[in-house]
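Right, one structure below, let's go through it.
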Amino acid sequence: MEMLVCIKQVPDDSVEISLDLGTKEPALIGVTPVVNAFDTYALEMAARLKETFGGEITVVSVGNDEVKNSLKNCLAVGADHAYLVKHEKSESLDPCGIANILKKAVHDIEGELETKFDLILCGKESTDYASSQVGLLLASKLRLPVATNIIKVEPMDGIMRIKQETEEGYRSIEAKTPCVVTVQKPDYDPRYPTIKSKMAARKKEIKELSPSEEVSSMLEVIRVFEPAKRVAGIKLKADNEQEVVAQAMSVMTAAKVF
Amino acid sequence: MSHSDAKNIMVYVETVSDTPLNGGLEILTKAHKLAAARGEEVIAVLIGSNLEHAANTAIMAGADKVILVTKDNYEMEVYEAILTRLAEKYKPSLILSAGTLVGKDILPLVAGNLTTGCAVDVMEITDKDGNFVFTCPVYGGTVLNDLVIKGTPAVAAVRSGAFEKELVVERTGEIIKEQVGVENTVRAKIVEVVNEMAETVNLEEAQVIVSGGRGMGNKENFRLVEELALACHGVVGATRPAIEAEWVPRSHQVGQSGKIVAPKLYIACGISGATQHVSGMIGSGYIVAVNKDEDAPIFDIADVGIVGDVVKVVPLLIEEIKKIQSL
Ligand SMILES: Cc1cc2nc3c(=O)[nH]c(=O)nc-3n(C[C@H](O)[C@H](O)[C@H](O)COP(=O)(O)OP(=O)(O)OC[C@H]3O[C@@H](n4cnc5c(N)ncnc54)[C@H](O)[C@@H]3O)c2cc1C
Ligand SMILES: Nc1ncnc2c1ncn2[C@@H]1O[C@H](COP(=O)(O)O)[C@@H](O)[C@H]1O
């Protein structure tokens, strides 16, 4: 099974990003760039599919040269080929713009590798802008079936059987191959690279593609600001629990919480 | 679509078992205020069957017109096509929906079909000189963006709990039945729908939520969270690790990939206060946190922080609260 995983590089999501009060921009200096968490889940899902059904995994990202590092990391955890669509200001693109570029990339990569993708995996959303639209729009532009929020996908008798997580449970979806899925956190974690796989990845080349013609963004940010901060209240410590709970109860009853 | 002839606000209201979901009704109330100030109307769109009662509820919540489209089953591509057709016919300046799985699936596609843009996770909508401004969280909610959509109509999926619903029984409105012919476009077919949740959890509307995290230690201890919730007449919430450990079903998750909640009282037990969790509960009225680590970030946002072991503190809290409740 031939798979393509769309990778977005984002600032480390375990770091709390605040607003730089000088520049009025999010303070991103010093925050490690990482592969979007949901894309790591998508890549792990693809790696497991490859183990069962064979085939190859290609990763693609739209971004600047810095993204090569993230793509190297993908090569160390299961990807066979990596492509970077060079774009210096990919942050300024809206989801539709990214989807347009990815659409062209899909055709370009299929041409170069002389293959056809059976499955295109995206993350359910990016952890920085969380627009959760790129996968849907890419599918729509490629005129392919799409299922979002998926936790499982399996090829069977020429179709894809998909498990989509819903608020109440799940849906089983059948889609024609090829199709696009957007991946939610499954009940497993992405694998770590080994020293050996890192070495092998270092030797692999990251191929570059040029983007398609630009369409202007439909979304314009007019103000960046911080949410109203909550002020920390009181922190209660005591030698024993009885005492600290008694103190807490008196604060809460005074505040008419109960 | 040209800007000049676009007006009115179209709201897709999702229904389950012929009943409109709260998210859609909350948006209708907000849309009513926005539209009234512009001298425009709110057009609700309901798709399903037996929707007459739901249509009346939509009118009470703020719809001036309700468009009913009969369809038996949900299919994303069919709903997307219907909403696109209706948008082409009625030419609204704004299309809204709740940010449920369905809303977040169809709205970006509708926006794509109409060559315009879509904002998601919207927390606030303001009308600035005739342009809609949407407030959206970025970086897990630590930074907010105000954005405008340059295409027409503007399309936006709203986060749960962003607006308050007001049902006014006296309101009147017009119900319109539309037949929308869509070709059989379904490429991804839903073959089975499984409802795994034994109980319905209504975190969004809860006044009190008691949540447990990894610090609860094990499934048995997690029962303390449930007991405390019971004592406070509240609903049980949880962090992702507590869900992954299967101490509590997924429908209880609070946070970026769970529910966004805003109860009057939120009690966090054994929760560190990671951004992805906090962004889902920062809107709570009063926050109480129990954590044994006095440097836990949750204390930075708590009104009352109790430094201590949950296994000892929570039973005492239950006892004290029961005493108060029985007065
Ligand atoms: C893309 C993405 C989306 C995510 N979405 C969500 C989401 O929607 N919701 C969510 O919750 N998380 C989400 N997460 C996970 C999130 O980043 C955190 O890992 C998670 O919230 C931490 O949960 P926790 O506080 O229960 O566990 P931990 O961070 O491990 O904290 C446990 C806390 O318990 C305390 N503790 C331990 N033992 C005791 C004791 N005996 N008594 C008192 N205190 C004790 C510890 O001091 C610690 O502070 C997401 C992560 C990613 C990457
Ligand atoms: N610049 C990008 N390059 C490649 N894939 C991307 C890019 N941006 C978004 N994606 C993919 O689209 C998914 C959803 O992103 P978003 O719609 O921005 O929330 C991500 O998880 C990626 O799989």
Side-chain angles (χ1 to χ4, degrees), chain A residues 11 13-14 16-19 26 94-96 127-133 136-137 140 144-149 166-176 179 185 187 218-227 230 232-237 241-242 244-245 248-249 251-253 255 257-258, chain B residues 100-101 104-105 108-109 112 116-121 133 137-151 187-197 244 251 256-257 265 274-276 282 286 288 294 299-309 312-313 316-317 320-321 324:
Chain A
D13 60 49
S14 62
E16 193 151 318
I17 310 287
S18 54
L19 198 68
D94 65 358
C96 181
T127 55
D128 55 356
Y129 281 80
S131 85
S132 59
Q133 299 179 39
L136 283 162
L137 293 170
S140 167
L144 292 181
V146 59
T148 57
N149 242 31
T166 63
E167 278 118 31
E168 301 82 25
Y170 64 88
R171 291 189 192 130
S172 302
I173 295 177
E174 288 180 0
K176 287 207 188 87
C179 70
K185 170 97 175 60
D187 58 6
M218 286 289 176
L219 305 177
E220 186 189 350
V221 177
I222 55 169
R223 185 164 84 108
V224 185
F225 59 110
E226 280 196 326
R230 279 190 88 101
I234 48 167
K235 191 155 41 177
L236 302 166
K237 265 191 300 181
E241 282 77 20
Q242 268 81 11
V244 79
V245 170
M249 288 309 297
V251 175
M252 288 190 274
T253 37
V257 173
F258 292 108
Chain B
T100 55
L101 179 63
K104 283 175 90 168
D105 269 358
L109 294 169
T116 178
C118 175
V120 298
D121 249 0
V133 178
V138 292
Y139 303 109
T142 54
V143 175
L144 303 179
N145 275 354
D146 270 355
L147 52 89
V148 291
I149 296 170
K150 290 193 277 182
R187 292 181 286 238
K189 187 142 192 58
I190 298 169
V191 290
E192 195 190 10
V193 179
V194 178
N195 189 342
E196 275 180 329
M197 306 303 162
E244 288 186 333
S251 48
Q256 187 188 312
S257 37
L265 171 64
T275 312
Q276 291 90 354
I282 189 87
Y286 197 86
V288 179
E294 62 176 287
F299 288 135
D300 298 342
I301 59 155
D303 295 283
V304 178
I306 303 174
V307 182
D309 186 340
K312 294 187 184 137
V313 171
L316 292 170
L317 277 175
E320 292 299 319
I321 290 163
I324 296 177

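Note on naming: letters A, B, ... go to the chains in the order of the sequence lines (proteins, then strands), and numbering restarts at 1 for each one. As the structure is a prediction and not an experimental result, all values here were calculated from the model. Side-chain atoms are counted along with the backbone in the values below, which use heavy atoms only and exclude waters and symmetry mates.
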- Message: Has K235(A) got a side-chain atom pairing as donor or acceptor with E294(B)'s backbone, closer than 3.5 angstrom?
- Response: yes
With chain B, the option among T127(A), V257(A), D187(A) that has the most non-hydrogen atom pairs under 4.5 Å is V257(A)
With chain B, the option among L136(A), V224(A), L219(A) that has the most non-hydrogen atom pairs under 4.5 Å is L136(A)
Whatever's closer than 4.5 Å to a heavy atom in chain A on I149(B) counts as both
If one checks every heavy atom of P11(A) against chain B at 4.5 Å, the contacting part turns out to be side chain
Note: vs chain B, highest number of non-hydrogen pairs under 4.5 angstrom among D128(A), L144(A), T166(A) is D128(A)
The interface call for I190(B) against chain A, heavy-atom contacts under 4.5 Å, is both
Closest non-hydrogen contact found for C118(B) with Q133(A) is O-NE2, 2.9 Å
Smallest heavy-atom separation, N145(B) atom then F225(A) atom, equals C-CE2, 4.4 Å
Less than 4.5 Å apart, any side-chain heavy atom of V304(B) and any of M252(A)?
yes
Q. Would you find a donor on one side and an acceptor on the other, under 3.5 Å apart, between the side chain of E167(A) and the backbone of L101(B)?
A. yes
Please check if the side chain of Q276(B) supplies one atom and the backbone of D13(A) the other of a donor-acceptor pair under 3.5 Å. yes
### V191(B) side chain near I173(A) side chain, heavy-atom distance below 4.5 Å
no
One option among G117(B), A188(B), S251(B) has the most heavy-atom pairs under 4.5 Å with chain A, and it is A188(B)
Could you walk me through whether I324(B) and M249(A) pass the side chain to side chain contact (heavy atoms under 4.5 Å, CB included) test, one step at a time? CA-CA 10 Å; I324(B) 296 177; M249(A) 288 309 297; 3.3 Å; yes
On a heavy-atom basis, the closest approach of I306(B) and A248(A) is CD1-CB, 3.5 Å
- [ ] Using a 4.5 Å cut-off on heavy atoms from C-beta on, say whether the side chain of S257(B) contacts that of K185(A).
- [x] no
Indicate yes or no: at least one non-hydrogen side-chain atom of D300(B) is less than 4.5 angstrom from one of R230(A).
no
Ranking A255(A), S172(A), G169(A), A147(A) by heavy-atom pairs under 4.5 Å to chain B gives rank one to S172(A)
One should read off an interatomic distance between E16(A) CD and T142(B) OG1, to the nearest 0.5 angstrom, of 6.0 Å
For K312(B), does the NZ atom sit with more than 12 other heavy atoms under 6.0 Å from it, leaving out its own atoms? no
Counting heavy-atom pairs under 4.5 angstrom with chain B, the leader among V221(A), D94(A), N149(A), V244(A) is V221(A)
Residues P26(A) and V143(B): closest non-hydrogen pair is CG-CG1, 4.5 Å
If only atom types and distance count, is the side chain of E320(B) paired as donor or acceptor with the main-chain N or O of V245(A) below 3.5 Å? no
Interface check, chain A: of E192(B), K104(B), E244(B), Q256(B), most non-hydrogen pairs under 4.5 Å belong to E192(B)
If one checks every heavy atom of A302(B) against chain A at 4.5 Å, the contacting part turns out to be backbone
Assert top hit (heavy-atom pairs under 4.5 Å, partner chain A, pool V288(B), I282(B), D121(B)) equals I282(B)
Of all heavy-atom pairs linking G141(B) and P227(A), the shortest is O-CG, 3.4 Å
In terms of heavy-atom pairs under 4.5 Å with chain A, the winner among V138(B), V120(B), T100(B), L144(B) is L144(B)
The ring pair (Phe, Tyr, Trp, His ring centres under 6.0 Å) partners of Y170(A) (sequence neighbours excluded) come to none
Most contact-rich option vs chain B, by heavy-atom pairs under 4.5 angstrom, among Q242(A), E226(A), R171(A), is R171(A)
Scored by heavy-atom pairs under 4.5 Å with chain A, the best of L265(B), D309(B), L317(B), N195(B) is N195(B)
